[in-house]
Protein chains: 2
Amino acid sequence: MDRAKKKKLEQRGWTVGDAADFLELSETELRLVEMKLSLSARLRKAREKKRLTQAELADRMGSSQSRVAKMEAGDPSVSLDLLVQGLLATGASKREIASALAGKKTAA
Amino acid sequence: MDRAKKKKLEQRGWTVGDAADFLELSETELRLVEMKLSLSARLRKAREKKRLTQAELADRMGSSQSRVAKMEAGDPSVSLDLLVQGLLATGASKREIASALAGKKTAA
DNA sequence: TTAGTGTATGTCAGACTTGACATGACCGCA
DNA sequence: TGCGGTCATGTCAAGTCTGACATACACTAA
């Protein structure tokens, strides 16, 4: 399955850059990882702009500080769902989330 | 939240937590669900445009016909991750996915 | 130093998601 | 009428993700 490959990648900690030697990590998977990284970067910016601590944001979304840290760190154990929930919890709009997902520059 | 809207969602199998004290959380939940529904609608359009059957798309993404059906049906058991992977498998770009996520009309 | 605040990282049981399968409904066609 | 192709829905073992916790690190102030 595709999943085995993905897991292999994840064990190397998102070696997104040059997975060339790493079997054909499908183009799709790379794009998905890129999106996640874009969102996690945006999440940190959004949280800092709101001057929230990780613990405060965690509280807002019913999660924990450690998971928020992982979200912002782009940890492979974090789903797209959770990243989006995190951004929503900072008050981001769908449009803002979409823009982050597309990889646009942080406007703030 | 709008009663009719909620009912509609529940008919599709989504359970929307509705305690008054969790109003804010429900609001973000709702937005998340809206995004998923937008993406699933877009997925069906993208697949049909490419003239792929559910089984063919499933094959492309290493999944199964039944799961693709659930994706397009907006089944709650389908994650955002999987929907995005599905769209990527149809050849959609990040920008197109972002646009779908934001709820824009299908432009193409 | 010690204390306080904020963040990072590893672990794990329990909850959730997944692919696969079975099965049924629908449609067009011979 | 049956047949082949497509899609929908339910189920479930196996796999993944999650919140919580413990702990460590960085920095600041007393």
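Just so it is clear, the model here is predicted, and its values are computed rather than measured. Within every chain, numbering begins at 1; the chains are lettered A, B, ... in the order of the sequence lines, protein sequences first and strands thereafter.
- Side-chain contact between L43(B) and L57(B): present, with at least one pair of heavy atoms (C-beta onward) separated by less than 4.5 Å.
- Across dT9(D), dT7(C), dG19(D), the shortest atom-to-atom separation from the side chain of A69(B) is found for dT9(D).
- Where A55(B) and D75(B) meet DNA chain D, the nucleotide closest to each residue was compared, and A55(B) sits on the side nearer the 5' end.
- When each of dT17(C), dT18(D), dG19(C) is scored by its nearest atom to the side-chain atoms of L82(B), the top-ranked nucleotide is dG19(C).
- Distances shorter than 4.0 Å separate some side-chain N or O of S63(B) from OP1 or OP2 on dG19(C).
- Between dT17(C), dA22(D), dG10(D), one nucleotide has an atom nearer to the side chain of S66(A) than all others, and that is dA22(D).
- In this entry the distance linking CG of D81(A) with P of dT18(D) reads 7 Å, nearest Å.
- S64(B) comes within contact range of at least one nucleobase, with a heavy-atom separation under 4.0 Å.
- Using a 4.0 Å cut-off, no side-chain N or O of Q65(B) falls inside it from OP1 or OP2 of dT6(D).
- Ionic pairing of E56(B) and R60(B) is not present here: no N-O contact between side-chain nitrogen and carboxylate oxygen is shorter than 4.0 angstrom.
- Atom CG of L57(B) is separated from atom P of dA8(D) by 13 Å (rounded to the nearest Å).
- When the side-chain nitrogen and oxygen atoms of R51(B) are compared with OP1 and OP2 of dT6(D), none of them lie within a distance under 4.0 Å.
- The salt bridge (Lys or Arg N to Asp or Glu O under 4.0 Å) with E72(A) is formed by just one residue from the set K45(A), R42(A), R44(A); it is R44(A).
- Here dC16(C) presents its P atom at 12 Å from NZ of K36(B), a figure rounded to the nearest Å.
- Between the CD atom of Q85(A) and the P atom of dT18(D) there is a distance of 8 Å, rounded to whole Å.
- M61(A) has its CE atom 13 Å from the C1' atom of dC17(D), to the nearest Å.
- Side-chain atoms of K70(A) and base atoms of dG10(C) include a donor and an acceptor less than 3.5 Å apart.
- The distance from atom CG of L83(B) to atom P of dT17(C) is 12 Å, rounded to the nearest whole Å.
- At distances below 3.5 Å, at least one donor-acceptor pair connects side-chain atoms of D81(B) with backbone N or O atoms of L80(A).
- Between E29(B) atom CD and dC16(C) atom P there is a gap of 12 Å when expressed in whole angstrom units.
- I97(B) approaches L88(B) most closely through the heavy-atom pair CD1-CD2, 3.6 Å.
- Among the atoms of the strands shown, none is found under 4.0 Å from any heavy atom of V68(B).
- Using a 4.0 Å cut-off, no side-chain N or O of R67(B) falls inside it from OP1 or OP2 of dC7(D).
- A residue-by-residue look at L80(B) and T53(A) shows that T53(A) has its nearest nucleotide of DNA chain C further toward the 5' end.
- Side-chain N or O atoms of S99(B) include none that pairs as donor or acceptor with a backbone N or O of R95(B) at under 3.5 Å.
- Taking 4.0 angstrom as the limit, R44(A) places none of its side-chain polar atoms (N or O) nearer than this to OP1 or OP2 of dG6(C).
- Atom-to-atom, CE of M71(B) to P of dA20(C) comes out at 11 Å; the value is rounded to the nearest Å.
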